[in-house]
Amino acid sequence: MRLQMANIFLNGFVFGIVFALFGCGGEKPKVFASLNQTASLMGDLPANPLAWSVITSSASRNDSTMSTLYGNDVASQYARTNPDHKYPNGSALSLVTWTQQEDSRWFGAKIPATVKSVEFVLVSSAAGSPSYSYQKFEGTPLKRSSAEEYRVPADRAAELLSQRGAVLP
Amino acid sequence: MNGFGPGRWKWVALILALGFLGIQFIRPALPNKPVTAELQVPPDVKQILKTSCYNCHSNETRLSWFDKPAPAYWIVSNHVKEGRKHLNFSEIGSLPLAQQQGVLFESISQIELGAMPLPAYERLHPESEITPQQLTVLKNYLNSAVSNRVVTAEEIGSADAEYEKWVHSPSLAKEVSPAPNGIGFLPDYKNWRAISSTERDDNHTMRVILGNDIAVNAIAHNQINPWPDGTAFAKVAWLQQLDGTGAIRTGAFFQVEFMMRDNKKYADTLGWGFARWRGADLKPYGKDATFTGECVGCHIALSKTDYVFTAPIGGQQ
């Protein structure tokens, strides 16, 4: 009788282990390898800032947005080696702002959801006097919503140019 | 086949049964140590953890009757020992509250990813399953615990000092020591492309995830499962500076960590070479090469995405 019991046990365990290893028990939530397409930049932009280097990043609790400031080679090199904000001729900066979504793969994390705006500042200087052109793109697809030219950067252009580079050792 | 009559079966059964009894004497001890510093959480949260997690993650292990005979006992006791090593709710109460909550944040992700409770364990212990309602209780507790702490003048001061030092000598080709598993530092990561970013309210960091050319090319062709050999990612984290207006800026540099795909070389760690450097002086992370166990411990949950968390932003090309 004991032995029979033991046998039942053993069978139970072998079955249990096999089932545990190979069983068809309910699959858990799935994640797929996929791109975050909603966060990609769609529309007619003068350049693709995602192809540039990171200068810094920021976020807004109140708006639930997150932004990355990108710079072309001239601008990012400058921002990483100069504490002041007198970007040289040929600098291009772009601030991409995304709405946020919860990261389904990590509780407590927020990741980009959709593009809210893309802003550009281009710095050009002729005969030693710099000029700054600012453009902003919004909507889906992204369309230009404002454009300004400055001798002395003001408003959003000044804000973009004043962000300091994040430490990247 | 034919020779296996009912008589033989009896013998086979008897031998198996004796074997089964015999192995019962091989019993590694699984003592319940005293509960020294239990996790501090409200009762409804604790009840869920007790039912679903405490058997493997506390000093209050209660084995079911069917876990007690070997070989099940061997498997379960091993689970418990490993489980306690990773996380022991009976002992983490001595950590600062924020750190205890950090552990719970991580636990929730493990639950949501289906990595915990261990699927094999959960199938045999269905009562350990965490229902969607219970998950909501855990999440609500943690969401209410996230603080909106505004950055202090002191923190700004030390971040400023770090910045000043860096901006005046960013390429001071410092001797950066390799990680304990032999992986050398890749200073060029800062010129890789940003493929996504994350903001973490639980530990107050901002992160940017960068990919090398091979990674970016794989994204452009949507061939990211598996990622090709030579793919490399860097994840940079800075402390957040939250001001009174709800604006968050990057503060002090926290760390940069890497994953490099080489299926042969890094076969033992999911086909990825893991390495991390902490602080602006880039100190290699980990006492010895086993630090990668930590990395694998989290990333292994992402088996469906080639162990990569980030969903890269499309349109890199």
Side-chain angles (χ1 to χ4, degrees), chain A residues 3-4 6-7 9-10 12-13 16-17 19-21 23 25 27-37 39-42 48 50-54 56-63 66 68 70 76 80-83 100 103-112 163-169, chain B residues 13-14 16-17 20-21 66 69 71-72 105 108-109 112-114 119-120 123-124 139 142 148 162-164 166-167 170 190-191 193-194 196-202 206 208 210 219 222 224-225 236 238 242 246-250 252-253 280 282 302 304-306 309 311-316:
Chain A
L3 289 185
Q4 221 175 338
N7 204 359
F9 259 126
L10 183 62
F13 280 118
I17 290 163
F19 182 67
L21 292 176
E27 280 289 298
K28 286 301 212 134
K30 294 186 173 80
V31 284
F32 296 104
S34 58
L35 300 176
N36 183 352
Q37 291 292 11
S40 65
L41 310 189
M42 285 166 295
N48 180 9
L50 299 190
W52 296 345
S53 300
V54 171
T56 189
S57 78
S58 55
S60 164
R61 267 290 156 83
N62 300 345
D63 303 344
M66 59 204 300
T68 303
Y70 300 85
S76 57
R80 290 170 184 177
T81 45
N82 290 277
Q100 292 179 313
D103 183 352
S104 62
R105 297 172 187 180
W106 195 262
F107 176 62
K110 291 178 196 148
I111 57 172
Q163 291 193 24
R164 83 180 184 195
V167 172
L168 287 163
Chain B
L14 186 66
L16 283 178
F20 175 71
L21 284 182
F66 57 85
F105 266 98
I108 288 191
S109 296
E112 286 197 296
L113 289 165
R123 271 176 222 146
L124 293 174
K139 284 184 168 182
L142 287 171
N148 286 321
E162 178 188 278
Y163 168 80
E164 287 298 328
W166 168 76
V167 82
K190 33 181 123 38
N191 299 318
R193 286 200 201 166
S196 191
S197 46
T198 53
E199 187 211 330
R200 288 275 292 274
D201 287 343
D202 56 328
M206 317 266 300
V208 170
L210 304 146
I219 295 168
N222 205 353
I224 61 169
N225 201 7
V236 192
W238 299 274
L242 173 66
I248 295 170
R249 272 179 300 166
T250 51
F253 173 86
L282 298 171
L302 278 287
K304 298 222 165 58
T305 59
D306 200 9
F309 276 97
I313 294 170
Q316 303 274 339

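Note on naming: letters A, B, ... go to the chains in the order of the sequence lines (proteins, then strands), and numbering restarts at 1 for each one.
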Novice: Find the distance between CD1 (Ile108(B)) and CH2 (Trp106(A)) and round it off to the nearest 0.5 Å.
Specialist: 10.5 Å
Novice: Step by step, would you call Arg80(A) with Trp166(B) a side chain to side chain contact (heavy atoms under 4.5 Å, CB included)?
Specialist: CA-CA 8 Å; Arg80(A) 290 170 184 177; Trp166(B) 168 76; 3.8 Å; yes
Novice: So, taking the atom named CE in Met66(A) and the one named OG in Ser196(B), what distance separates them when rounded to the nearest 0.5 Å?
Specialist: 7.0 Å
Novice: OG of Ser34(A) to CG of Asn222(B): how many Å apart, nearest 0.5 Å?
Specialist: 8.5 Å
Novice: Taking all non-hydrogen atoms of both residues into account, name the closest pair between Val167(A) and Tyr163(B) and its distance.
Specialist: CG2-CA, 3.8 Å
Novice: Under 4.5 Å, counting heavy-atom pairs only, tell me which of Lys139(B), Glu162(B), Arg249(B) racks up the most with chain A.
Specialist: Lys139(B)
Novice: Could you walk me through whether Leu50(A) and Arg193(B) satisfy the side chain to side chain contact (heavy atoms under 4.5 Å, CB included) test, starting with their C-alpha distance in whole Å, then the side-chain angles of each, then the deciding distance to 0.1 Å, before giving a yes or no?
Specialist: CA-CA 7 Å; Leu50(A) 299 190; Arg193(B) 286 200 201 166; 5.7 Å; no
Novice: Over all heavy atoms of both residues, which pair between Pro112(A) and Ser197(B) is shortest? Give the atoms and the distance, please.
Specialist: CD-O, 3.2 Å
Novice: Given heavy-atom pairs under 4.5 angstrom as the criterion, report whether the side chain, backbone, both or neither of Gln163(A) touches chain B.
Specialist: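 Neither part; nothing is under 4.5 Å.
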Novice: Going from CG on Leu35(A) to CD1 on Ile219(B), what distance comes out if it is rounded to the nearest 0.5 angstrom?
Specialist: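 Here the rounded value is 7.0 Å.
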Novice: Quick one: of Pro83(A), Ser76(A), Gly165(A), Ala109(A), who has the most non-hydrogen atom pairs under 4.5 Å with chain B?
Specialist: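 Most pairs with chain B among the choices: Pro83(A).
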Novice: Could you check whether any side-chain N or O of Ser109(B) sits under 3.5 Å from a backbone N or O of Phe107(A), counting only pairs where one atom can act as donor and the other as acceptor?
Specialist: yes
Novice: Once rounded to the nearest 0.5 Å, what's the spacing between atom CD of Glu199(B) and atom OG of Ser60(A)?
Specialist: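 Taking CD in Glu199(B) and OG in Ser60(A), the distance rounds to 9.0 Å.
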Novice: Just give me the residue among Leu41(A), Asn82(A), Thr68(A) that pairs up with chain B most often, heavy atom to heavy atom, under 4.5 Å.
Specialist: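 The answer is Asn82(A).
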Novice: Side chain, backbone, both or neither: which part of Ser57(A) has a heavy atom under 4.5 Å from chain B?
Specialist: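 Interface part for Ser57(A): both.
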Novice: How long is the gap from OG1 on Thr56(A) to CE on Met206(B), to the nearest 0.5 Å?
Specialist: 7.0 Å
Novice: According to side-chain contact (heavy atoms from CB on, under 4.5 Å), who are the partners of Thr198(B), at least two apart in sequence or on a separate chain?
Specialist: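 By the side-chain contact (heavy atoms from CB on, under 4.5 Å) rule, Thr198(B) matches Ile111(A), Arg207(B), Ile209(B).
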Novice: Under the side chain to side chain contact (heavy atoms under 4.5 Å, CB included) rule, what do Thr305(B) and Arg105(A) come out as? Steps first, then yes or no, please.
Specialist: CA-CA 11 Å; Thr305(B) 59; Arg105(A) 297 172 187 180; 3.8 Å; yes
